[in-house]
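The chains referred to below are lettered A, B, ... by the order of the sequence lines, with proteins before strands, and numbering in each begins at 1.
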2 protein chains.
Amino acid sequence: MSRICKDGFDKECIKEQREFFGIAYTQNLLSGRWKYVILWFLKSKERRYSEIKAFLGDISQGSLTKQLRELETDGVINRKVYPEVPPRVEYSLTSKGEELIPIIDLMEEFGKKFGEQVD
Amino acid sequence: MSRICKDGFDKECIKEQREFFGIAYTQNLLSGRWKYVILWFLKSKERRYSEIKAFLGDISQGSLTKQLRELETDGVINRKVYPEVPPRVEYSLTSKGEELIPIIDLMEEFGKKFGEQVD
DNA sequence: CGGTATCCTCGACGATACTG
DNA sequence: CAGTATCGTCGAGGATACCG
């Protein structure tokens, strides 16, 4: 089940040694409606599932869980479950995930600079 | 016709003054299967439509034209038409587009570092 | 050569209901 | 609280045909 995303590249494509291999890999990691924002929200500290959901606002539970699972599978976030009742789950960046933060910070900076003229 | 992309945010969403406004704006600009790679390909020099198509390989004409038009509308690339027969069209980065290059370079770097273990 | 127009597929995402 | 399961929508992007 290669991850073929509309806005991503499937693994076969990535394996073909294209010049833009690296870009395709990273784009694939980050393809998803909410992933940039989730990572950005995690950059300052670890967060609970419910915090993330509240911050994003519009996301459905199913989607949030899916995006978090993908980020976890790709090794950019950690998922820590506290065996309590009610359950508590904390998400945090891995060291690999931290290396994505400069990219996201640049994107925020760019958006702040050019995004004003959204009418 | 607000640009609602699966992996983007519609303009209404962007206008709501969220903390992640900037990220959403930039993500929206870059949402599309080929946009990162197109910009990366344009970073060294201007390119003809056919060069871009050949470089990308798999893209259909319709999709390529659509992505180029969106990038042009968003002000990140220039489109210069030479009134010759056969026609020639050159695409190049605008100054706004150049500011996206550091982001894309970081993405390539990240992918080169972590992308090896695609089995 | 560099498009446009039309049709179609298919997967991301949301909505809803239910659970340990 | 933090999920899982199921269903339905909708739009990005490919395929194909045609054009100035």
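Picking from D:dG14, D:dA2, C:dG3 the nucleotide with the shortest atom distance to the side chain of B:Trp34 gives D:dG14. Nearest to the side chain of A:Gln61, among C:dC13, C:dG3, D:dA2, sits D:dA2.
Across the interface with DNA chain C, nearest-nucleotide mapping of A:Pro87 and A:Ser63 shows A:Ser63 to be the residue nearer the 5′ end. Nearer to the 5' terminus of DNA chain C, by closest-nucleotide assignment, is the contact made by B:Arg79 (compared with the other of B:Arg79 and A:Ile59). Position along DNA chain D of the nearest nucleotide to A:Pro86 versus A:Thr65 favours A:Pro86 as the more 5'-ward residue.
Rounding to the nearest 0.5 angstrom, the gap separating the CZ atom in A:Arg48 from the CD atom in A:Glu46 is 11.0 Å. Remark: A:Lys112 NZ to B:Phe21 CZ distance equals 8.5 Å, nearest 0.5 Å.
B:Phe41 carries B:Arg47 over the face of its six-membered ring, with the cationic atom under 6.0 Å from the centre and within 45° of the normal.
Between B:Arg48 and C:dG2 there is a side-chain N or O to OP1 or OP2 distance below 4.0 Å. Using a 4.0 Å cut-off, no side-chain N or O of B:Tyr49 falls inside it from OP1 or OP2 of C:dT4. Using a 4.0 Å cut-off, some side-chain N or O of A:Ser50 falls inside it from OP1 or OP2 of D:dA2.
Between the C1' atom of C:dC1 and the CZ atom of B:Arg47 lies a distance of 18 Å, rounded to the nearest Å. When rounded to the nearest whole Å, the span between NZ of B:Lys53 and C1' of D:dG13 equals 13 Å. Atoms CD (A:Gln67) and P (C:dG11) sit 17 Å apart, rounded to a whole Å. Rounded to a whole Å, the OH atom of A:Tyr36 is 15 Å from the P atom of C:dA12. Rounded to an integer number of Å, the gap from B:Glu90 CD to C:dC1 C1' is 12 Å. Atom CD in B:Glu51 sits about 13 Å away from atom C1' in C:dG2, given to the nearest Å. Going from atom OH of B:Tyr82 over to atom P of C:dG3 covers 13 Å, rounded to whole Å. Atom pair B:Ile77:CD1 and C:dG2:C1' shows a separation of 14 Å (rounding to whole Å applied).
Counting non-hydrogen atoms under 4.0 angstrom, A:Glu84 reaches nothing in the nucleic acid. Using a 4.0 Å heavy-atom distance criterion, A:Lys66 is classed as a sugar-phosphate-only contact.
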Run the ring pair (Phe, Tyr, Trp, His ring centres under 6.0 Å) test on A:Phe20 and B:Phe55 for me, step by step, so that the C-alpha distance in whole Å, both residues' side-chain angles and the decisive distance to 0.1 Å come before the verdict. CA-CA 10 Å; A:Phe20 50 77; B:Phe55 179 66; 5.5 Å; yes

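Distance alone, capped at 3.5 Å, places no donor-acceptor pair between the B:Lys80 side chain and the B:Ser92 backbone.
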